[in-house]
Amino acid sequence: MKKMNKFMPDKIEPPGLKSGVPQGEILERPLPILTLKGKNFGRESMKSFILVTSALLFSFMARVPFLNVPLDRDSAGYAVCGRLMSKGFILYKDVFEHKPPGLHFIFAWVYKFFDLDVFGVNLFASLWSLFNVLAIYLFTREAFKDRRISFLAALLFGLFSSSPLVNGIGALTENFMITFIILGNLFVLKALRQKGNSVLSRPETAPFRAQMSCGRSSIQLLGPWGTSGFSRRGSIFFAGILFGSGLIFKQVAMFEFAAACIFFCAVSFGTYRQIRLVIKGLVLCLAGFLIPVIFCVLYFWLKGALKDFVLCTFNFNLVYVGLGNKSVGTSQFVNSNVQMFQANSLLYLGGIAFIVYAAMRLAGKPLLEAASEKTAQPFLLLPLWSIFTFAGICLGKRFFSHYYINLLPSLSIMAAFIMVSFFNLESKLYRLKRFAIAVMLFSLAYSFWLNYKYYIVYTPDEISMRTYEGQAFVSARQLGAYLKENTDADDRIFNWSDEAEVLFYAQRIPVTRYMWLLPYTFLADGIPGAMDEVQKSLFKHPPKYIVIDTRFLDWFAFAKYQNKGMGDFFKKHNYVLEKDFPVIYGKTKLYDLLTYRLEAK
């Protein structure tokens, strides 16, 4: 065996064993970390560093025009929850939310050090997005071992995920969840690709064994049951923890986890043909997946809020999704997907081409046999990832544009591979190469035409109005600033509207644990007894201001009529209309945000 470089000996000998003494078998396998020549290692690292830094800088600069855009209701809701939690409020018990607690915990931690305004929230979300860009680069480098594909994938994701057309500018759960999904897939891939045996294989099935003798003692290196095996088990276990961490940001992470499990089972069984070993690895991954969930359950149990946690994140969402299934038809599914295809046509076309290429590549052999090859593994994982992600988007049948953020990582990676592959086509295929490049340039130009005004023409308020088809978030900011100016720090507000950002800008405490109106909470038994709870809170802390969304004015009157306590409260307290904040789209007034002030009778 020839010497690979000056840092690596021909043989690895146990301490105390003189060179050339034939005692036992000598392990003749190079250390993986020393496979690069010393003079090239620094150069390769510097190239990677420059590419990663360029992708991160580009991604951040693409988000700079949106740092002052008014917050959407979801981003503001997470920030309000975080601010209240930093003051001692208990999530779900003292402040209502129906999303998992991951992002709320992060905001609660941030609020302990910073008092965030609009710029601060958007800046924080933009900085977090850099983790996603880095994760995309690392995953793609592991998958294809090609710097060009890795860099292009990170660049494409950084650009397309910043677009207001996918609501990529907000502090939304999707932008945080995908960090853990990408890294989870990375560690699954690493676990399956590490040299040696299967993740949890038995010593008697290990294809690699070596025995090193040193005097009277001997050390058995039995594949995964030795030190290298521990790293494999650690990788698959840590992958489960990452997917579980994604779940505590948004429930749909279970779909990506399912895709990763199917991929893991296919590759493991295709390599070793032993069901028992596959099940062992799957159980280890599932154990890691449950750890973040168990920590959440223990946390809320210790806080005395376990019942509220289950009620808000599980029971309520069954009502929420159920009503969504009834209210949304096929037309919204088609329209939403057409809009997303137009906004991200380059990624979608690249993803489709990749899936077709993957099917052709894997079709030549039995699927399990093909999946066992390292070079073929990404062609099974990435289609599974994207298909299961799309299934998660379809779960609630609402098709909000920010749901599609979950698709961007896998689409960016697949599109980057296709683009580099077409540029590398042989000269005899120049016609196909020219056609492919023309399609890419046209798709990129079309996306630029749809997006460029958001980056260089529109003001922050115009970006918000055009992104969300109305000035609801602009009016809410004006209303919140008005309430802050006309209330004291101890005053409370009753917000009978969809706009949680009213409380974000006002920086006041809601009179009930409900930051904003969710009709399903009160009128569809999403939270049993919610109206009685609101009535008690109103009597306990009569709010100085009540904000009413005119779209829900009839529901407000209905609530007062149905709930005697609510009716008695408004007979006892006199609220006078003080100011009207209209919500306009174009030249059409959509609805009003009415502000009522408490006056003495």
Side-chain angles (χ1 to χ4, degrees), residues 72-74 98-100 102-103 132 157 160-161 163 165-168 170 172-182 184-185 243-244 246-263 289 313-345 347-356 358-359 380-415 467-469 518 520 524 526:
D72 62 274
R73 61 177 61 94
D74 285 357
H98 66 104
K99 308 284 179 56
L103 188 49
N132 297 329
F157 177 83
F160 283 91
S161 65
S163 171
L165 298 181
V166 294
N167 299 150
L172 299 165
T173 51
E174 289 82 3
N175 286 322
F176 291 77
M177 180 195 77
I178 59 175
T179 309
F180 301 94
I181 300 303
I182 300 167
N185 281 310
F243 281 109
L247 183 69
I248 67 170
F249 283 85
K250 195 152 190 178
Q251 296 93 330
V252 292
M254 67 179 69
F255 285 87
E256 282 88 348
F257 177 63
C261 288
I262 293 173
F263 168 73
F289 180 77
T313 60
F314 183 74
N315 294 32
F316 175 82
N317 282 309
L318 292 179
V319 176
Y320 182 77
V321 172
L323 290 178
N325 291 341
K326 296 176 183 177
S327 60
V328 178
T330 307
S331 60
Q332 184 170 349
F333 169 80
V334 174
N335 293 336
S336 298
N337 283 284
V338 167
Q339 291 174 6
M340 288 301 104
F341 182 88
Q342 291 175 337
N344 307 283
S345 56
L347 302 188
Y348 273 78
L349 291 174
I352 293 170
F354 182 94
I355 292 174
V356 172
L380 177 61
L381 175 57
L382 286 166
L384 280 173
W385 182 359
S386 58
I387 291 169
F388 274 73
T389 298
F390 186 73
I393 293 172
C394 296
L395 174 65
K397 292 190 177 181
R398 293 178 182 274
F399 308 107
F400 295 129
S401 56
H402 60 86
Y403 288 0
Y404 290 84
I405 294 173
N406 297 346
L407 264 178
L408 296 185
S410 56
L411 289 179
S412 299
I413 296 167
M414 292 190 290
T467 301
Y468 301 102
E469 297 185 351
L518 287 173
Y520 324 117

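What you see below is based on every heavy atom in this structure, not just the backbone, and it leaves out hydrogens, waters and symmetry mates.
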- Message: What I'd like to find out is whether the side chain of F157 reaches to under 4.5 Å of the side chain of I413, using heavy atoms alone.
- Response: no
- Would you call I393 and L407 a side-chain contact if the rule is heavy atoms closer than 4.5 Å? yes
- Task: For residues F255 and N406, determine if any side-chain heavy atom of one lies less than 4.5 Å from a side-chain heavy atom of the other.
- Result: no
- Report yes if some heavy atom in the side chain of N344 is under 4.5 Å from a heavy atom in the side chain of L408; otherwise report no. yes
- S161 OG to N132 CG distance, which is reported to the nearest 0.5 Å: 7.0 Å
- Message: Once rounded to the nearest 0.5 Å, what's the spacing between atom CD1 of I181 and atom CZ of F243?
- Response: 5.5 Å
- Atom pair OH/CE of Y348 and M414 - distance to nearest 0.5 Å: 10.0 Å
Return all side-chain donor-acceptor pairs below 3.5 angstrom for residues 333-343, not counting sequence neighbours, or 'none' if the list is empty.
from : atom 1 : to   : atom 2 : distance (Å)
N335 : ND2    : S331 : O      : 3.1
S336 : OG     : Q332 : O      : 2.9
S336 : OG     : F399 : O      : 3.3
N337 : OD1    : Y404 : OH     : 3.1
N337 : ND2    : F333 : O      : 2.6
N337 : ND2    : Y404 : OH     : 3.3

- Message: Checking V166 against F160 for the side-chain contact (heavy atoms from CB on, under 4.5 Å) test, could you report, in this order, the C-alpha distance in whole Å, the side-chain angles of both residues, the deciding distance, and whether it holds?
- Response: CA-CA 8 Å; V166 294; F160 283 91; over 6 Å; no
- Message: Is there a side-chain contact between T313 and H98 in this structure, where contact means two heavy atoms from C-beta onward sitting under 4.5 Å apart?
- Response: no
- Task: Locate the shortest heavy-atom distance separating L103 from L172; write the atom from each residue and the value.
- Result: CD2-C, 4.0 Å
- Using the benzene-type ring in the case of Trp, are the ring centres of F289 and F257 under 6.0 Å apart? yes
- Message: Side chains of N185 and L381, heavy atoms from C-beta outward: is any pair under 4.5 Å?
- Response: yes
- Query: NZ of K99 to CE of M177: how many Å apart, nearest 0.5 Å?
  - Reply: 12.0 Å
- Query: Which heavy-atom pair separates N167 from S401 by the least distance, and what is that distance?
  - Reply: OD1-OG, 2.6 Å
- Task: Evaluate the ring planes of F400 and H402, with Trp represented by its six-membered ring, and classify them as parallel (under 30°), tilted (30 to 60°) or perpendicular (over 60°).
- Result: parallel
Expected list for residues 384-392: side-chain donor-acceptor pairs under 3.5 angstrom, two or more places apart:
from : atom 1 : to   : atom 2 : distance (Å)
S386 : OG     : L382 : O      : 3.2
S386 : OG     : P383 : O      : 3.0
T389 : OG1    : E256 : OE2    : 3.1
T389 : OG1    : W385 : O      : 2.7

- Report the distance from atom CG of N175 to atom CD1 of I405, rounding to the nearest 0.5 Å. 4.0 Å
